[in-house]
Number of protein chains: 2
Amino acid sequence: MPAGFNTADMKKLDEIVATRRRVKQGDMLFSNGDVFTSLYAIRTGFFKTCVSTEDGREQVTGFQMAGEIIGLDGIVTDHHSCNAVALEDAEVCIMPFANVEDLSREFPLLQRHVHKIMSREIVRENSVMMLLGNMRAEERLAAFLLNLVQRLHARGFSQSELTLRMSREEIGSYLGMKLETVSRAFSKFSDEGIIEVKQRYVRILNADALKKIFNPETCN
Amino acid sequence: MPAGFNTADMKKLDEIVATRRRVKQGDMLFSNGDVFTSLYAIRTGFFKTCVSTEDGREQVTGFQMAGEIIGLDGIVTDHHSCNAVALEDAEVCIMPFANVEDLSREFPLLQRHVHKIMSREIVRENSVMMLLGNMRAEERLAAFLLNLVQRLHARGFSQSELTLRMSREEIGSYLGMKLETVSRAFSKFSDEGIIEVKQRYVRILNADALKKIFNPETCN
DNA sequence: CGAAAGGTTGACACGTGTCAAAGTGGGTGG
DNA sequence: CCACCCACTTTGACACGTGTCAACCTTTCG
């Protein structure tokens, strides 16, 4: 929720949330083809969203954590065009989109907030396109790790330690590379003393080195 | 503009457009860092949008033609995060975003329309991610050509002939491949009798074959 | 405890990138 | 109006990063 509302406003804004829903690890919050009715605000847990082709290839389009909104893909056709899968037990707030639109008309601040959320997603996807189109395996992984810790840190977690909620294959799908290549890049970073890796536990030992890999020119 | 408005409504909706602007080939409509004030509806002409890293790598994030909206990237931070370049002389309608938001509150149909436009862009970028992450050079080019002719056909142009407005390098940037690879893929399609290419002129001789390349499984 | 899923590592293959040279077409100035 | 020039495109030869396939290891969970 955005800032700038008084308590009376906040009470009305509570109406956006119809109810909450728990999603167990591995379960889908919504899937491709489902009728779109609501946006979902993640309260706890971790999701991936992915699209797939008829011939079975899957592309992870994003990883979402507490405080982020999923379901925006469904607005345009009234049907979802991707799957949202919980990577750990999760709880979401269900926000019927009709409520969102009604209250947006009443509260310009909310309207602006909704627009920003959608715009942010567009900008994020732009940078993923840059990553997929122009970067090499190690740059992609460095960018991915830096993005993850930055978002976790904004939520009060460590900026140097994290536990991955997704498999090597899912990371690879997101980054446009095979799981073996992901694993090799982790090992390389580890050999170079940039990170410490043990399965899904990752500790960043030298963030500057990671940033340098991600963006070779901008280093100092 | 969406359907469903009466003439009185339409008159008010005209207020969205502040003015028009001509953009000459090669000129930028807006660029990374510019303050965001307006969305732009393309009346005529053809644009590319692209992001770039500090070390000079450029990623084309989309090609836009008449009737499409650009500038959505600027909403989230009040500053544009990409460049919009005219690939041919163009004219756009300038729609100050404040007007869009004001009238959206008044006209639910417009509000819904704006939301759909943003959602459509998110879904489009999802499919570009699939393309960049999972497909091979020839599949990417086939998908690209099919998408282009489909959009041109929706605007009354031929569904088998087109003149590309962008260079091989720009196509390559969009599709995550080098210009030589783009050129080779064109030549291969040409050798196989699937298309006829002469520089920027392309005629599709066998659309089914292209679809087959794009999606090997879904053929029949 | 055993099986299944996920992760690591090695050897090799292959698609695309890189570099270079030549061809093509369009725009501009003399 | 022609000729030149420059940007763009095509094509070839070769290099290299990542994919593929396989074996083995680790961890989790029934």
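Each chain gets a letter, A, B and so on, in the order its sequence line appears, and its residues count up from 1. These numbers come from a predicted model, not from an experiment.
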Colleague: Atom CD of Gln25(B) and atom C1' of dG27(C): how far apart are they, to the nearest Å?
Modeller: 12 Å
Colleague: What is the distance, to the nearest angstrom, from the CE atom on Met177(A) to the P atom on dG7(C)?
Modeller: 13 Å
Colleague: Going 5' to 3' along DNA chain D, between which two nucleotides do contacts with chain B fall, using a heavy-atom cut-off of 4.0 Å?
Modeller: dC8(D) to dA13(D)
Colleague: When you check the gap from the basic side-chain N to the acidic O, do Arg120(A) and Glu68(A) get nearer than 4.0 Å?
Modeller: no
Colleague: Could you pick out which residue, Glu169(B) or Arg184(B), lies toward the 5' side of DNA chain D when each is mapped onto its nearest nucleotide?
Modeller: Glu169(B)
Colleague: Does Lys198(B) reach a base, just sugar-phosphate, or nothing at all? Heavy atoms under 4.0 Å.
Modeller: sugar-phosphate
Colleague: State whether Phe63(B) and Arg165(B) meet the cation-pi test: NZ (Lys) or CZ (Arg) under 6.0 Å from the six-membered ring centroid, and within 45° of the perpendicular axis.
Modeller: no
Colleague: At less than 3.5 Å, do the side-chain atoms of Arg200(B) and the base atoms of dG25(C) form a donor-acceptor pair?
Modeller: no
Colleague: Rounded to whole Å, how long is the line connecting atom CG of Leu164(A) with atom P of dG6(C)?
Modeller: 14 Å
Colleague: Quick one: do Glu139(A) and Arg57(B) make a salt bridge, cutoff under 4.0 Å?
Modeller: yes
Colleague: So that I can tick it off, tell me whether Arg184(A) and Glu180(A) are bridged by a salt bridge, with the cut-off set at under 4.0 angstrom between side-chain N and carboxylate O.
Modeller: no
Colleague: How would you label the contact of Ser183(A) with the nucleic acid (heavy atoms, under 4.0 Å): base, sugar-phosphate, or nothing?
Modeller: base
Colleague: NA contact type, Ser167(B), heavy-atom cut-off 4.0 Å: base, sugar-phosphate, or nothing?
Modeller: sugar-phosphate
Colleague: Nearest 0.5 angstrom please: Phe30(A) CZ to Leu39(A) CG, how far?
Modeller: 9.0 Å
Colleague: Nearest 0.5 Å please: distance from the CD1 atom of Ile171(B) over to the OH atom of Tyr174(B).
Modeller: 11.5 Å
